Amino acid sequence: MEEIYVTKPHLPDRKKFDRYVDRIYKTSQLTNNGPLVQKLEKKLCEYLGVKNIVLTANGTLALQIAYKILGLEGEVITTPFSFVATTSSLIWEKLRPVFADIDPETLDIDASLIESKITKKTSAILPVHVFGNPCDVEKIQKIASKNDLKVIYDAAHAFDVKYKSRSILKHGDISILSFHATKLFHTIEGGALIINNDKLYEKAKRIISFGYGDDSLIHENGINAKMNEFSAIMGLCLLEDMKKISRSRRKIWEYYHKELKDMVGFQKINKNSKNNFSYFPVIFKNSRQRERVHKALKENKIFPRRYFWPSLDSLDYLKKDEYLCKNSRDISERILSLPIYPDLETRDQKRIVKIIKENI
Ligand code: T4K
């Protein structure tokens with residue numbers, strides 16, 4: 001029996017990939033804002049329907065750069081239910097995460113809890129569109145405008161998600177994407193900043209490249225967060241496959257949903273949006289049930305992931321119990337992300353469902 005993981009990165013047609021590699025062999029341009037990175041930025045703007053994109057080496061650096069260019073300081077209100085990078089990037093930049101608990105149905109930050117967390121030190125709100133499910137963007141913007149706070153959306157999972165028929169990435173001051181190999185759309189490692197304000201966009205372009213401007217002068221303190229040309233090739237090839245990728249993911253998603261709907265809970269998807277089928281999280285009745293099913297799957301060489309566990313308010317390197325978020329802690333004990341990727345064979349998916357049904 002072959003191992004089945006939570007995901008298997010999509011690899012494009014080899015010939016297509018090689019044709020781009022041939023171009024690199026001719027020009028020897030491997031990185032530093034090369035033609036393929038520029039081409040991918042342009043294509044992604046069109047595909048996603050956004051004005052400005054800055055490609056980065058990964059999603060974590062995109063977050064850190066967002067904090068820098070917005071001049072954040074002090075405290076940032078965020079969600080404890082996310083991948084560790086959402087919180088660790090704040091701490092890395094000497095910002096203090098202040099957690100507001102999640103809505104146990106949408107799994108996104110509970111916007112009604114944000115205001116009570118605002119102090120004189122708060123500079124921003126950092127919500128996550130968890131598994132691509134749009135947050136309550138209108139309410140969050142209202143709170144931010146009233147209290148003069150910046151909003152950065154960690155949209156690592158929200159590739160091609162629309163909200164009220166427009167890209168979800170248009171909300172907030174900045175949104176970031178992750179193009180890690182495990183993502184719906186990937187560039188091996190990679191990420192992006194989506195910035196509505198043109199001045200900030202220009203600043204981000206300089207900051208990812210040591211602070212250099214187009215005039216080769218150093219305008220400010222920067223870092224190296226550039227995407228390389230080989231990553232851009234992967235992105236250019238995958239972009240052409242997105243329709244096919246989405247179609248097969250939808251099929252897998254629908255089968256799980258049909259088979260499991262009477263025995264597990266699902267994330268409640270924002271009614272103004274559509275799922276992008278990037279993950280298939282299931283919520284069990286209690287942690288014992290989750291553990292039982294997880295163990296049975298592992299015994300059969302099937303490896304779902306506990307996205308997201310632990311709840312970030314319980315991280316050892318934060319002061320324990322200071323930010324007890326009951327909903328997030330409860331959900332993180334009961335949730336499991338099932339394997340979902342285009343190459344998942346129907347017979348394997350049937351086996352996964354059968355094991356869950358037998359062990360629940
Ligand atoms: N914000 C949010 C909300 C995020 O979810 C993430 C990343 C970030 C920010 C930061 O973005 P990046 O800096 O990463 O761009 C994975 C990813 O490493 C991480 O990117 C992602 N979120 C997170 C949700 O998942 P792990 O620890 O689950 O990865 P790993 O290596 O265990 O991969 C899962 C499975 O995928 C493996 O069991 C096998 C398969 N796999 C993985 C890789 C890397 C492959 O078949 N091939 C591969 O190359 O974190």
Side-chain angles (χ1 to χ4, degrees), residues 2-12 54-67 76 78-93 97 99 102 106-109 126-135 152-159 161 168-169 172 174-194 208 223 225-228 230-231 234-235 238 249 267 276 278-281 294 297-298 301-312 315 328 332 335-344 348 352:
E2 228 180 80
E3 279 123 349
I4 298 175
Y5 296 101
V6 66
T7 191
K8 183 173 168 193
H10 176 79
L11 289 171
V54 180
L55 292 175
T56 58
N58 59 59
T60 308
L61 275 168
L63 281 169
Q64 288 170 237
I65 286 160
Y67 312 152
V76 175
T78 188
T79 172
F81 190 72
S82 183
F83 187 61
V84 65
T86 313
T87 285
S88 62
S89 58
L90 287 171
I91 297 168
W92 199 259
E93 292 299 335
F99 296 108
I102 56 163
T106 66
L107 310 184
D108 287 335
I109 195 166
L126 171 64
V128 178
H129 302 302
V130 176
F131 306 130
N133 192 26
C135 296
I152 301 117
Y153 280 106
D154 181 338
H157 310 161
F159 186 83
V161 168
I168 188 64
L169 305 170
I174 296 179
S175 291
I176 74 94
L177 287 166
S178 163
F179 299 151
H180 182 258
T182 55
K183 295 288 189 286
L184 177 69
F185 168 84
H186 76 89
T187 58
I188 309 171
E189 287 274 3
L193 289 141
I194 292 86
I208 64 156
I223 186 94
K226 291 169 270 113
M227 179 178 277
N228 70 72
F230 279 89
S231 283
M234 187 60 89
L238 251 69
R249 281 179 170 272
Q267 178 184 32
N276 69 356
S278 50
Y279 293 88
F280 197 89
H294 198 176
L297 288 168
K298 282 189 283 189
K301 294 193 179 179
I302 297 160
F303 302 98
R305 286 300 290 244
R306 294 181 71 182
Y307 296 145
F308 292 104
W309 178 87
S311 176
L312 300 174
L315 281 175
S328 175
S332 64
I335 199 162
L336 213 50
S337 276
L338 300 183
I340 180 167
Y341 51 87
D343 282 354
L344 184 64
D348 287 333
I352 294 169

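Being a predicted model, the structure only gives us computed values, none of them experimental. Both counts, for ligands and for their atoms, begin at 1 and track the order of listing. The first residue in the sequence is number 1, and the count goes up from there.
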| query | Is the closest N or O pair between F179 and ligand 1 shorter than 3.5 Å? | reply | no

| message | Tell me if a side-chain donor or acceptor on S231 pairs with a main-chain N or O of M227 at a distance below 3.5 Å. | response | no

If you look only at distance, which donor and acceptor atoms sit under 3.5 Å apart when one is on a side chain in residues 301-312 and the other is two or more places apart or in another chain?
residue, atom, partner, partner atom, Å
W309, NE1, E333, OE2, 3.3
S311, OG, D313, OD1, 2.4
S311, OG, S328, OG, 2.7

| said: Need the ligand 1 atom indices (1-based, order shown) with element for anything under 4.0 Å from a heavy-atom of A156. | reply: 1 (N), 2 (C), 3 (C), 4 (C), 9 (C)

| message | With respect to K8, determine whether any N or O atom, backbone or side chain, lies less than 3.5 Å from an N or O atom of ligand 1. | response | no

| Contact atoms of ligand 1, heavy-atom distance to T7 under 4.0 Å | 36 (O), 40 (C), 46 (O)

| message | Using a 4.0 Å cut-off to any heavy atom of N58, which atoms of ligand 1 qualify? | response | 13 (O), 15 (O)

| message | Against ligand 1, does Y307 come closer than 4.0 Å with any heavy atom? | response | yes

| Any N or O of S82 that comes nearer than 3.5 Å to an N or O of ligand 1? | no

| message | Aromatic contact between Y341 and H10, with the criterion being ring centroids under 6.0 Å apart: yes or no? | response | no

| field | Atom indices of ligand 1, in the order listed, that fall short of 4.0 Å to a heavy atom of A85 | value | 8 (C), 9 (C), 10 (C)

| query | Taking the six-membered ring for Trp, are F81 and F131 parallel (under 30°), tilted (30 to 60°) or perpendicular (over 60°)? | reply | perpendicular

| said: Among all protein heavy atoms in this structure, tell me which lies nearest to atom 33 (O) of ligand 1, with the distance rounded to 0.1 Å. | reply: T182 CG2, 3.6 Å

| Considering only heavy atoms of G190, which atoms of ligand 1 have at least one such atom less than 4.0 Å away? | 15 (O)

| said: Considering only residues two or more places apart or on different chains, which pairs with a residue in residues 83-92 satisfy salt bridge (Lys or Arg N to Asp or Glu O under 4.0 Å)? | reply: none

| note | Ranked by distance from atom 6 (C) of ligand 1, the top protein heavy atom is F83 CD2, 3.4 Å

| query | Is any N or O atom of E189, backbone or side chain, closer than 3.5 Å to an N or O atom of ligand 1? | reply | no

| query | Does ligand 1 have any atom sitting under 4.0 Å from a heavy atom of A62? | reply | no

| query | Can you check whether Y279 has an N/O within less than 3.5 Å of an N/O in ligand 1? | reply | no

| field | Flag, side chain of H180 to backbone of E189, donor-acceptor distance under 3.5 Å | value | no

| said: Looking only at the side chains, is there a donor atom on one of T106 and N133 sitting less than 3.5 Å from an acceptor on the other? | reply: no

| field | Sub-4.0 Å heavy-atom approach of P9 to ligand 1 | value | yes

| query | Among protein heavy atoms, which sits nearest to atom 9 (C) of ligand 1, and what does the distance come to when rounded to 0.1 Å? | reply | D154 OD2, 3.5 Å

| query | Any idea which atoms of ligand 1 are less than 4.0 Å away from a heavy-atom of Y5? | reply | 38 (O), 39 (C)

